[in-house]
Amino acid sequence: MSCSKYMPAPVCLIENDENGKLHMKKEAKAILDGINEPVVVVSVVGLYRTGKSYLMNRLAGQQSGFALGSTIESKTKGIWMWCVRHPNKKGHTLVLLDTEGLGDVAKGDSKNDGWIFCLAVLLSSTLVYNSRGTIDNTALEKLHYVAELAENIKIRSTEAEDEEDSEFVMFFPSFTWVVRDFTLDLEIDGKKVTDDDYLEFALNLKKGVGRKISDYNLPRECIKRYFPSRKCFVFPFPVTSQEDMTRLEILQDQDLAQRFLEVTGNFCDHMLVNSAVKRLKGGHIVTGQLLGRLVEIYVDTINSGEVPCLDNAVVVLANLENQAAVQEALKVYQRGMEEVRHALSLIEYLTCEHQKFSSLGISEFTKRSFKDENMEYLKKLEVNLLEQNQMASERKCRDLLKDLFADMNKWLQDGEYSQSGGYELYKRDRDAIVEQYRREPNKGVRAEAVLEEFLKEREPEANSILCMDNKLTENEKQMKKEKEKATLLEQKLKEEEEKRIENDRMMETENMRHEDMVKQMQEKFNKELEQQQQERDRAIESKLKEQEEMLKKGFNQKAENLEEEIKKLNNEKKRLSGGSIFKDYVMPFLRPLVEMVPNLLMQRLMLNSLKMGLKR
């Protein structure tokens, strides 16, 4: 069954214009923006006119899609993309990238080819290199782009190149070499070998010194050093006639060689089972949205004349994603509070609802955010949640006052208070409503403050009625005004007392919320730490395997160099696995949130303190 459900056909992801400038296509960006699930990215690279596109079509479960040319002219320009539902991984999208053929005589720009190859490496979780004939020295010399990766990719913005070079294996995709139209017997020294054995034999290094030996070994060493795993598939000719070779996309399976179909099936099965989810440096899973942003960052960097840097890309992506995570968290909180606002009789305490939905919001934030190293975005979220809690309380209190004063407003319009003795009547009705308002439970942290503001707003109205009341003498009116001021002062004192009582009641709830937040952040930190450990484990495993091979073949100096790299990785792994990491590196940033004064009498001060911290 076809898995090409998301896109009926491929689209251009990165256009390569006549001047050698790269441009991300808006249509492709829009498609990736609509994919919120993790992506598995398989890129194919190789010399032009070597049949790369055919394999991508088969991975998409289709006979055709990516352009297959039948002339010496390269059909694929730039990088084309096909997003399909992953047939083996539920809830994942398979992103297939078909790249422009390297070494196109019509283009004649090897630097541009280098950037296409570089982008394929940076964007994919599995890199497929497609060639024809055999894996001999000529084939490896044509793969000189891999030796240029150290010049075209940086891990950190400031680091010695030789140090970075040894870490590529942690972040690079797995590598698969596909050899097309292979006609030789798979034998080495008269013994039958596997496709993988054939690749490893072709990657054997030569002993000795000198420019020729160095040039011979360089692409082989780079493939061994940079890619965490290697795989090879050797394809026979698909058909017997040259004429049929030019029309592969219209031939049916029965028209193709049985062995060719078997290898194609094995290749597709391996790709679908073993190609990993794309991850950023640090282990964060890449979604379609993040992949689109990653393409933009790398293309813009290359066009600016700079070298793509993994750390810089992660920082930019983290800032964008963390901003979005804050907004998503607030939406979760707002939706929850809005639902209960329409069913107030179901609320036990407004503060409990705040605690419940703010915890859900923080949970949503931790799912999406990453590399929030200074807790900058968590602080922003906390500020917003406190503001939202105050706004929820304020909305409820204002709505309540509006309902309670509805009859009194009508009486005011009808002139009930304009007659002689109206002020006493007005004051009696207003005080009765204030008492009724105070008896209403669960108004939240802004209850008395809103009442104070409300009464102040109505103060001119009360003074107007007082002035028009003919029953009172001027002296009595002045006394009433003084009494009104005393009432407002009393209201302010009541507000402070109400705050104290309310804050004491909320203290336990707020403490629980902060404990929950710390727990969530520690779980997230442990998960990110585990992902970083997996990166190092993968690199150590690859280097140990390479070191063993070097020792067996007598390359003792290279084995010693690898020993230093392995030691460095193990030391970093020990440092990360130390029990004090969370305490030493994360808690200092969490502490301002954890140790927020639990007595919510200080909530305003707490809010201002957080805001000042963000400004700084």
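Residues take their numbers from the sequence shown, with the count starting at 1. FYI, side chains are in, hydrogens and waters are out, and symmetry mates aren't considered; it's all heavy atoms of this structure.
The side-chain heavy atoms of Tyr377 and Gln323, taken from C-beta on, include a pair separated by under 4.5 Å. The shortest side-chain heavy-atom distance between Asp255 and Val239 does not fall under the 4.5 Å cut-off. The closest side-chain heavy-atom distance from Thr99 to Phe117 is not below 4.5 Å. No side-chain heavy atom of Leu140 sits less than 4.5 Å from a side-chain heavy atom of Tyr216. At least one side-chain heavy atom of Lys371 sits less than 4.5 Å from a side-chain heavy atom of Val315. Side-chain contact between Ile302 and Pro308: present, with at least one pair of heavy atoms (C-beta onward) separated by less than 4.5 Å. In this structure, Glu148 and Asn152 have side chains that are in contact, with non-hydrogen atoms separated by less than 4.5 Å. Two residues are said to be in side-chain contact when any heavy atoms from C-beta on lie closer than 4.5 Å; Leu381 and Ile362 meet this criterion.
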Could you walk me through whether Arg225 and Glu546 satisfy the salt bridge (Lys or Arg N to Asp or Glu O under 4.0 Å) test, starting with their C-alpha distance in whole Å, then the side-chain angles of each, then the deciding distance to 0.1 Å, before giving a yes or no?
CA-CA 8 Å; Arg225 283 167 58 82; Glu546 188 185 346; 5.5 Å; no
Set out, in order, the CA-CA distance, both residues' side-chain angles and the distance that settles side chain to side chain contact (heavy atoms under 4.5 Å, CB included) for Leu317 and His284, then state yes or no.
CA-CA 11 Å; Leu317 279 179; His284 188 74; over 6 Å; no
Derivation of the side chain to side chain contact (heavy atoms under 4.5 Å, CB included) call for Cys232 and Ile135
CA-CA 10 Å; Cys232 182; Ile135 305 179; 4.2 Å; yes
Give the intermediate values and the outcome of salt bridge (Lys or Arg N to Asp or Glu O under 4.0 Å) for residues Glu262 and Arg259.
CA-CA 5 Å; Glu262 286 174 10; Arg259 179 59 187 155; 3.2 Å; yes
Worked verdict on Glu296 versus Arg293 for salt bridge (Lys or Arg N to Asp or Glu O under 4.0 Å)
CA-CA 5 Å; Glu296 281 186 317; Arg293 289 172 181 165; over 6 Å; no
Could you walk me through whether Leu280 and Leu294 pass the side chain to side chain contact (heavy atoms under 4.5 Å, CB included) test, one step at a time?
CA-CA 9 Å; Leu280 297 172; Leu294 203 58; 4.0 Å; yes
Show your reasoning for whether side chain to side chain contact (heavy atoms under 4.5 Å, CB included) applies to Leu32 and Met24.
CA-CA 12 Å; Leu32 289 173; Met24 185 180 187; 4.2 Å; yes
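Between Lys331 and Glu328 there is a salt bridge, since a side-chain N of the basic residue sits under 4.0 Å from a carboxylate O of the acidic one. In summary, Lys379 and Glu376 do not engage in a salt bridge, as defined by a charged side-chain N under 4.0 Å from a carboxylate O. For Lys231 and Asp269, the salt-bridge test fails: no basic side-chain N is under 4.0 Å from an acidic carboxylate O. Look at Glu535 and Arg279 and you find no salt bridge, because none of the NZ, NE, NH1 or NH2 atoms lies under 4.0 Å from a carboxylate O.
When atom types are taken as modelled, the side chain of Asn322 and the backbone of Phe370 share a donor-acceptor pair closer than 3.5 angstrom. Checking side-chain atoms of His270 against main-chain N and O of Cys268 turns up no donor-acceptor pair under 3.5 Å. Looking at Ser304, its side chain does come within 3.5 Å of a backbone N or O of Thr301 through a donor-acceptor pair. The main-chain N or O of Gly133 is never found under 3.5 Å from a side-chain atom of Asp181 such that the two would form a donor-acceptor pair. For Glu100 (side chain) and Gly78 (main-chain N/O), a donor-acceptor pair under 3.5 Å exists by modelled atom type. Judged by distance alone, the side chain of Arg156 and the main-chain N or O of Asp311 form no donor-acceptor pair under 3.5 Å. Here the side chain of Gln289 pairs a donor or acceptor atom with the backbone of Asp33 at under 3.5 angstrom. With hydrogens and angles disregarded, a donor-acceptor distance shorter than 3.5 Å links the side chain of Arg538 to the backbone of Met170.
When every heavy atom of Thr126 is checked against every heavy atom of Ser275, the shortest pair comes out as OG1-OG, 2.9 Å. Looking at every heavy atom in both residues, Ser43 comes nearest to Ala120 through OG-O, 3.7 Å. Contact between Gly288 and Val39 at its shortest, heavy atoms only, is N-CG1, 3.6 Å. When all heavy atoms of Val234 and Tyr198 are compared, the closest pair comes out as CG2-CD2, 4.1 Å. Between Thr93 and Cys83 the shortest heavy-atom distance is CG2-CB, 4.0 Å. Closest heavy-atom contact between Phe171 and Lys281: CE2-CG, 3.4 Å.
Between Phe66 and Trp80, the gap from one ring centroid to the other reaches at least 6.0 Å. Remark: aromatic rings of Phe235 and Phe260 are close, center separation under 6.0 Å.
Residue Asn130 holds its CG atom at 5.5 Å from CG of Leu55, rounded to the nearest 0.5 Å. To the nearest 0.5 angstrom, Leu149 atom CG is 13.0 Å from Lys154 atom NZ. Distance CG/Leu291 to CG/Leu13: 7.0 Å, rounded to 0.5 Å. A distance of 14.0 Å separates CE in Met56 from CE in Met81, rounded to the nearest 0.5 Å. Interatomic distance, OG of Ser125 versus CG of Leu94, reported as 8.5 Å (0.5 Å rounding). Expressed to the nearest 0.5 Å, how far OH of Tyr226 lies from CD1 of Ile153 amounts to 9.0 Å.
Between Phe175 and Trp177, the ring planes are perpendicular. Angles over 60° get that label, and only those under 30° would be called parallel.
With sequence neighbours left out, the ring-ring contact (aromatic ring centres under 6.0 Å, His included) criterion links His23 to no other residue.
Atom NZ of Lys25 has 12 or fewer neighbouring heavy atoms from other residues, nucleotides or ligands inside a 6.0 Å radius.
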